[in-house]
Structure formats: C-alpha cells, structure tokens
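Per chain, numbering begins at 1; letters A, B, ... match sequence-line order.
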Amino acid sequence: MGKFLTTREENYSQWYNELVIKADLAENSAVRGCMVIKPYGYAIWEKMQAALDTMFKETGHVNAYFPLFIPKSFFSKEASHVEGFAKECAVVTHYRLKNKADGSGIEVDPEAKLEEELIVRPTSETIIWSTYKNWIQSYRDLPILINQWANVVRWEMRTRLFLRTAEFLWQEGHTAHATQEEAIEETIRMINVYAEFAEKFMAVPVIKGVKTENERFAGAIDTYTIEAMMQDGKALQSGTSHFLGQNFAKAFDVKFNSKESKLDYVWATSWGVSTRLMGALVMSHSDDHGLVLPPKLAPNQVVIVPIYKGDDQYEIMREAGNKIKNQLKAAGISVLFDDRDTHKPGWKFAEYELKGVPVRLAFGARDMENDTIEIARRDTLEKQTISQENIVETVKQLLEDIQENIYQKALKLREQKTYAVDTWEEFTDIIENKGGFVYAHWDGTTETENKIKEATKATIRCIPVNNPLENGTCIFSGKPSNQRVLFAKAY
RNA sequence: CGGGGUAUAGCGCAGUCCGGUAGCGCAUCUGGUUUGGGACCAGAGGGUCGUAGGUUCGAAUCCUGCUACCCCGACCA
C-alpha cells in the first residue's frame, strides 16, 4: 500500500489539511481565507442540509432569506453584539468602479461612496430583528419560527479549510416568542436537534451543555453548545443555540400586545450550524488511508468495481455490475458503478478508500463462476467473499453496522480520553501531555477561567446539561465549587 | 496582527550559496501489452521559475516591495 497521506501520528494537523484536499472536499481559493467547496465535499454538505432541513421542518420551522448586507447603523444597536463582531466585519463602502485615467486598469470610483456603509453579515440577528419589528404587533403574530440557509463572512486572521474560513455556509434559525419560557424551550429544542443530528447522521457523539459567560454568543443570555472530541483529543464546537432574551427586541424596539393586553418586548432565540461540521466529520472518523464517511451522509454508500481481462469480459462485467447496481438502487442505496476502463482495480480501491465510500463491492471472472462477490467495509478495512444471492440485504445490514460502529468507535475514543481531576498538577499534565476532555472543579469566575486559559490554552467548553452537583474546590483558585465543568483545548 | 518558513510544468521536488537562458518523479497525451490492491514498454506535449520593480551585457539565482500558503502566538463558529 503506497503512502499518500501524512499519518495522524506524524502530524495530525497536516493529516487533516492533506486529507481535505486529496479527498476532493475543498481547496483554497484565490481569495484569502475563502475556500472552494468541491463537488464531492458539497455533496456531503447537501446531505447534511437535507437531513437538518427535514428536522427543522418537523419542529415547525420554515425557511426564508434575508439580505447579505446589513446597514452599519443596525450593528451598533445591541452593544455586546457589536463588540463581539466588530473586529471581523467586511465593509462595503462604494458601489461603482471606473476605468483609471491612465488606462492601467480599474479603480473604486471615489464619487460612488455609499451614504451608509454596509456590513457583510457575520450573522443576521440585526437585519432580521429590524424586519421582525414590522411583522410583530400582537401575540397572535407569534411565534415566528424562521430558518435561513446562507453564507456569512467573518474576517478571520488564521483560516483552515472548513474549520475556520472567512466566508462559510451555514443555517441560522431566528425565532420570536411571546414568553421567556417558550423561547428557552425553543433554545433547548434546537440544541437537542443538533445533538441528534450529530449522533444519528454524522455518527459523532457530542456533549451538550451551556457556555460560560466568557464563551457566550455576543448578545445572548445563554448559549447552548454541542462539543465533539476530535481524534487528537481537542474539542470542536459543532453547533450552538442561543437564548437571546429580550436583548434584540429592545435594541430594535420589537413589542407586542399580549393576551392580557400588556405591551411587552418579544423573546428571541437563534441557532446555527455551519460547514464546520464537515471538519468535525473528517476529524472524527477518518484514518491514515483517507476519509471514513458515515453511510447516512456518504454521497455514494457503495462503489462497485469490476475486475476483468479483455473486451469480452469487460462487456460481461458491465452487464453484471449494472444489474447489481440496479438491485441496490431499488432498495434505496446510493451506488456508484465505476466501470471506467481508464483505471485499474487497484487504483480504484485506493481512490475510494481515500474518499471514504463505506462499502466496496468487487467482482471478477472467478466470482462470476461461483456466483460470489467481494465485499469490503471502509471503517475496518475488512473484506470477505460472499454469495451474490442476498446482496441487497447484506449491504443494507453492513451500512447500518458501519454507521453504528463508527459512532461507537468515536464514543469509545472520547471515553478513553476523558478524565476527572482534582489537582492543578493532574490538570496540566493531561492538557499538555495527553490531550482530551477534563472534568474539573471551577470557582465560577471569568477571572479564573481566563487564567487557566492563559496558563494551559484549555478553555471551558461547557457546563454539561444535567451536570451532577458535587462539592469540591476549584483546581486553580482552591475556592469552593459545586460542580465539575468540561475543560479542553479547542479548535 | 507579530515571529519563522515556503513559492520553479497539473501535483511533489532539485537547481539559488558561486548569475550564462531549466531538470527529475508522478500526472497528462499517442501506440502497444496489461487488469483480483495505486501496471509495464516506447514515444510526445507542457514552465516568460508567485508578482512588481531594481542591479547586470545577461537573473529562477543578487537586492527591494507586494501577494498567497504552512508552522508558532494573539482573536474566533
């Protein structure tokens, strides 16, 4: 087996970078910090979108679309929101170009300056709440449960394909409610939707929890998060759901008449997941041979590779291959029959391993004689020769096994790399030498949180939901604490 | 945004120190033999050496600016 990838052990970060490019998921573009998502990568994103969109619809949401540009003045209306995003906003200042006088190209026409500059959305709370103001007068107008699929721009200093890019694709849900209880319920409902999606579709186990004040979304009262562990033990924040209280309603003066004929501000939530999930997917399951995709999100669940000698056999194999392909397709399995004569079987094997196709079927003259077929699973790289008779059932079962197996494997790894510690020495030892999730006591102050971050680069990923209460002392300050929180280095 | 590194054919690299007009492997194309884990032989095409200036008779090579990428920090989904 030739070596095409840096191994995870050699250099995890380089392994990831190479894998994303070699598996044809994405590449860097001519624009700094912005990526091109290639067809194979986009196909996975489309599968994620389809599953999530269905879940959003099932929970009563509808899709809409709001503008890419946000008037600068909107931004300044919610104080903490501005502060959070101001440092990474792209700004449109002009609306026209013109030819340079000396004919050496084009330049921004200084006479075409915008009256009010426009921000390229880093998130859409402000434009949406300025719109909701017009839509909401009465409790009868509530709730509003809207999602949008969009791109956003955050001018990042250091970027990495999928994990952090200046422009990325995401969905953002923005809901408006008559009561605080209902908004909190919605916030929790959506973090649960994200957790279910991560675990059932991506096969990525996640920890649900609440962010500390320090890590909270700019403008939120509470931020719920799902945190996944990557194979190197680092955490990846994979989705967030925010209870925004009445902050945006107050900033944009969105009031409604309640049943009791009382004028009150509207309660809000927002929630989102992004193409960063692609990074989570890659880093959770893949190995030194390439991607390992969960069957539920793989663009092709099965690839069929024919093995033949000469044109006569080729024709026979094509016919046989198409027959198998159609059987599988009829059972709702997505199949690629790679009957290209331009690449050899061995080349194709390596290629589809790199691309993470869950199941590979290969057959040649020997199989034709015996009515057998070789079946190989990507997650364990095991292969065996089976009878063609129950091929559909066998493949179906195997796809389910793979989906379950990679989830269990990821869960097991997380359990192995999760620790509970009581002393600063143990804490720093694990964070610096072993890597992983560490449950430890914390005194609840931002000051301590920041000092721990400074000393170790570990941050509080979340305070898990249903976190058991337990008396202890803060690992850093020694002050009393009544629960452990989840620490880790994060992407 | 600070420190370090890199940029030569589609990809990976040598050549740069010591200036003389560009080479290797893979990939591509043609023909043939092949096909159960990235085939082999023969031939062919492809580069104004990241970019803009400068020094020089002459620059991939020396000097300066700019850009992009990688690593390490600060910031963040």
Touch class at under 4.0 angstrom, heavy-atom based, for A/G279 against every strand present: nothing

Between B/G37 and B/A74 - P atom distance, rounded Å: 49 Å

Opposite nucleotide pairing with B/U35, Watson-Crick or G-U, both atom distances under 3.5 Å: none

Pair assignment for B/G73, Watson-Crick or G-U wobble, requiring both distances under 3.5 Å: B/C1

Partner nucleotide, any strand, of B/U6 [Watson-Crick/G-U, under 3.5 Å]: B/A68

For nucleotides 70-75 of chain B, print each protein N/O atom paired with a nucleotide N/O atom at under 3.5 Å, atom names and distance only.
residue, atom, partner, partner atom, Å
B/C71, OP1, A/S13, OG, 3.0
B/C71, OP1, A/N17, ND2, 3.2
B/C72, OP2, A/R158, NH2, 2.8
B/G73, OP1, A/K457, NZ, 2.8
B/G73, N7, A/R158, NH1, 3.4

Backbone of A/S286 reached by a side-chain donor or acceptor of A/Q231 within 3.5 Å: yes

Pairwise 5' ranking along RNA chain B for A/K309 and A/W347, keeping only the more 5' one: A/K309

Sugar-phosphate only, base, or nothing, as touched by A/Y491 at under 4.0 Å among non-hydrogen atoms: nothing

Residue pair A/S124 / A/Q148, side-chain donor-acceptor N/O under 3.5 Å: yes

Euclidean distance for P, B/C70 against B/A27 (whole angstrom): 27 Å

Sugar-phosphate only, base, or nothing, as touched by A/L163 at under 4.0 Å among non-hydrogen atoms: base

Spacing of A/K344 atom NZ relative to B/C40 atom C1', expressed in whole Å: 9 Å

Pairing nucleotide - B/G23, Watson-Crick or G-U, each distance under 3.5 Å: B/C13

Ring geometry between A/F74 and A/F252 (parallel below 30°, tilted from 30 to 60°, perpendicular above 60°): perpendicular

Inter-nucleotide P distance (B/G47, B/G19), Å rounded: 28 Å

Protein-nucleotide distance (A/E215, atom CD; B/C76, atom P), rounded to Å: 8 Å

Sugar-phosphate only, base, or nothing, as touched by A/T165 at under 4.0 Å among non-hydrogen atoms: base

Touch class at under 4.0 angstrom, heavy-atom based, for A/Q313 against every strand present: nothing

Gap between atoms NZ and C1', on A/K348 and B/U35 respectively (whole Å): 9 Å

Separation between the P atoms of B/U51 and B/C29, rounded to whole Å: 27 Å

Parallel, tilted or perpendicular, as decided by the 30° and 60° cut-offs, for the rings of A/F337 and A/F363: parallel

Between A/N433 and A/D429, a side-chain donor and acceptor under 3.5 Å: yes

Atom pair distance, as rounded to whole Å: CZ in A/R377 and P in B/G37: 21 Å

A/D339 CG - B/U35 P separation (whole Å): 19 Å

NZ or CZ of A/R360 within 45° of A/F349 ring axis and under 6.0 Å: yes

B/C76 to B/C66 separation - P atoms, rounded to the nearest Å: 28 Å

Exercise: do A/T187 and A/R189 side chains pair donor with acceptor under 3.5 Å: no

Rounded distance (Å) that lies between atom P of B/U34 and atom NE2 of A/H343: 20 Å

B/G12 to B/C69 separation - P atoms, rounded to the nearest Å: 15 Å

Parallel, tilted or perpendicular: ring planes of A/W424 versus A/F476, cut at 30 and 60 degrees: perpendicular

Interatomic distance at P, B/C17 relative to B/U61, whole Å: 9 Å

Complementary nucleotide of B/U30, counting Watson-Crick and G-U pairs under 3.5 Å: B/A42

No-hydrogen, no-angle side-chain donor-acceptor test under 3.5 Å, A/E186 and A/H61: yes

Closest-nucleotide 5' rank along RNA chain B - winner of A/R154 and A/Y308: A/Y308

Separation of B/C76 C1' from A/N214 CG (nearest whole Å): 13 Å

Protein-nucleotide distance (A/E18, atom CD; B/G12, atom P), rounded to Å: 10 Å

Integer angstrom distance from the P of B/U8 to that of B/A60: 15 Å

